[in-house]
There are 2 protein chains.
Amino acid sequence: MDIIKELGPLAIASRMKRLAELVFKQAINVYRVHGIDFEPKWFPLFYLLSQKESIGVMEASEYLNISHPAVIQFVKELEKKGWVMSEKSPEDARKRILKLTEKGWAFLPQLQEIWDNIKTVNQQLISKEAHDLMRSVEAFEQYFLKDGFYIDYYQKYIDEKSK
Amino acid sequence: MDIIKELGPLAIASRMKRLAELVFKQAINVYRVHGIDFEPKWFPLFYLLSQKESIGVMEASEYLNISHPAVIQFVKELEKKGWVMSEKSPEDARKRILKLTEKGWAFLPQLQEIWDNIKTVNQQLISKEAHDLMRSVEAFEQYFLKDGFYIDYYQKYIDEKSK
DNA sequence: CATTTTTATGTAATCAGTTACGTAACCAGT
DNA sequence: ACTGGTTACGTAACTGATTACATAAAAATG
């Protein structure tokens, strides 16, 4: 029933966008499964802060290839969660230095484990279907359109692993 | 400078979303090159109307896998352009029948040609790089991040063709 | 130094869509 | 025909980002 499918490469972008949104939605479920209130959109910044220790807003925006207002937005949210803090740079009064809080660092190992899981699951899904772009995207659509598929697959993986 | 690149499959979704947005932006340029004021987001609906002749709002939303408010939105914009019209269904008073106007049909051949061009260019780009999903996405990012690359490539194709 | 330019940040408006919600029309069973 | 449920459409509010604009500090230039 999906005319997009018939249009081939012409509609590749719409499909990828839709797919990306599906993936994001599923990712929220992964965190939820672990009883953790973390949103996928925070991942790049949080991860960056865990690697870089401290970084300015513009720097972060360049590393992550997102706009600086987006960084400010995420920082606001992560500050509210108590995982991130910021302080004026002593050398450069324009600059605001971002870093993880104590609480943020304490949270990191939990996240790390989840990220490792996600990574492994993704790699399994990808290597299974990595023929060419369109077929892969289509395959991903299959996975993610079937509500719950991803999370079931993921759950199975966790269960297997814990044996 | 892009930490996303180091994260592998973990960040696949963000990358695809970004890529999709880039593709869309570039696509606007394609229409602009032809001196046409058409937006890529209208394509699926316009194309559907050219195939189906007439269709209801919900039907369209199902065919295109977008929400019905999105359809309503696009219809509003396309009506303003004078390419689409709508009328109450005689059989079912709830239903609103969408169709192309005279002007819309007259416009179609121009669009068709552009779509064919885009399709061919896409296929060339894809077949050249269609190894696996990640590498393809990366390659696409190369194409679309370099501002103007796509449009230059496209232009070259048009020029070649017209010889 | 005074002046211009650039850089870092912040805010506001905008965009492309979505979900949530409301209403009217149709339909099935009584 | 009456009632409850479902369908089609419309509007509104929200989301996740972006671009555009404003401001202040730093750096570069004469």
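Lettering of chains follows the sequences in order, A, B, ..., and the numbering in each one begins at 1.
Between B/F38 atom CZ and B/F43 atom CZ the span is 8.0 Å, to the nearest 0.5 Å. Residue B/L45 holds its CG atom at 6.0 Å from CG of B/L78, rounded to the nearest 0.5 Å. The line from CE of B/M58 to CZ of B/R96 is 13.5 Å long, rounded to the nearest 0.5 Å. In this structure, A/L100 CG and A/W105 CH2 are separated by 5.0 Å, a value rounded to the nearest 0.5 Å. Here the CD atom belonging to A/Q110 is positioned 7.0 Å from the CD1 atom belonging to A/I114, to the nearest 0.5 angstrom. Atoms NZ and CD, from A/K81 and A/E39 in turn, are 7.5 Å apart once rounded to the nearest 0.5 Å.
When each of D/dC9, D/dT11, C/dA25 is scored by its nearest atom to the side-chain atoms of B/P69, the top-ranked nucleotide is D/dT11.
Separating the NZ atom of A/K88 from the C1' atom of D/dA26 is a distance of 14 Å, rounded to the nearest angstrom. Between the P atom of C/dT9 and the CD atom of A/E59 lies a distance of 8 Å, rounded to the nearest Å. Rounding to whole angstrom units, CG of residue A/L45 and P of D/dG16 are separated by 15 Å. Nucleotide D/dC9 holds its C1' atom 12 Å from the NZ atom of B/K95, rounded to whole Å. Between B/E87 atom CD and D/dC9 atom C1' the separation is 16 Å, expressed in whole Å. Counting to the nearest Å, the C1' atom of C/dT19 and the CD1 atom of B/I72 are 14 Å from each other. As a whole-Å value, the separation of A/D92 CG from C/dT9 C1' is 11 Å. As rounded to whole Å, 14 Å separates atom P of C/dC21 from atom NE2 of B/H68.
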Between the protein and nucleotides 1-5 of chain D, are there any N/O to N/O pairs under 3.5 Å, and if so, what are the atom names and distances?
none

Taking only N/O atoms, report every protein-nucleotides 14-17 of chain C pair under 3.5 Å with atom names and distance.
residue	atom	partner	partner atom	Å
C/dA16	OP2	B/K41	NZ	3.0

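A/S54 places no side-chain N or O within donor-acceptor distance of the main-chain N or O of A/L98, the cut-off being under 3.5 Å. Not a single donor-acceptor pair under 3.5 Å links the side chain of A/S61 to the backbone N or O of A/V71. Distance alone, capped at 3.5 Å, places no donor-acceptor pair between the B/S86 side chain and the B/I97 backbone.
Nearest approach of A/D37 to A/W42, heavy atoms of both residues: O-CZ3, 3.8 Å.
Nearest-nucleotide positions on DNA chain D for B/G56 and A/E91 put B/G56 closer to the 5' end.
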From CA spacing to verdict: salt bridge (Lys or Arg N to Asp or Glu O under 4.0 Å), B/E77, B/K41:
CA-CA 11 Å; B/E77 291 164 6; B/K41 62 176 170 167; 3.3 Å; yes
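Listed pair B/K76 / D/dT11 meets the phosphate criterion, a side-chain N or O lying under 4.0 Å from OP1 or OP2.
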Summary of protein contacts for nucleotides 1-7 of chain C, nucleotide by nucleotide, where a base hit scores B, a sugar-phosphate-only hit scores S (4.0 Å, heavy atoms):
------B
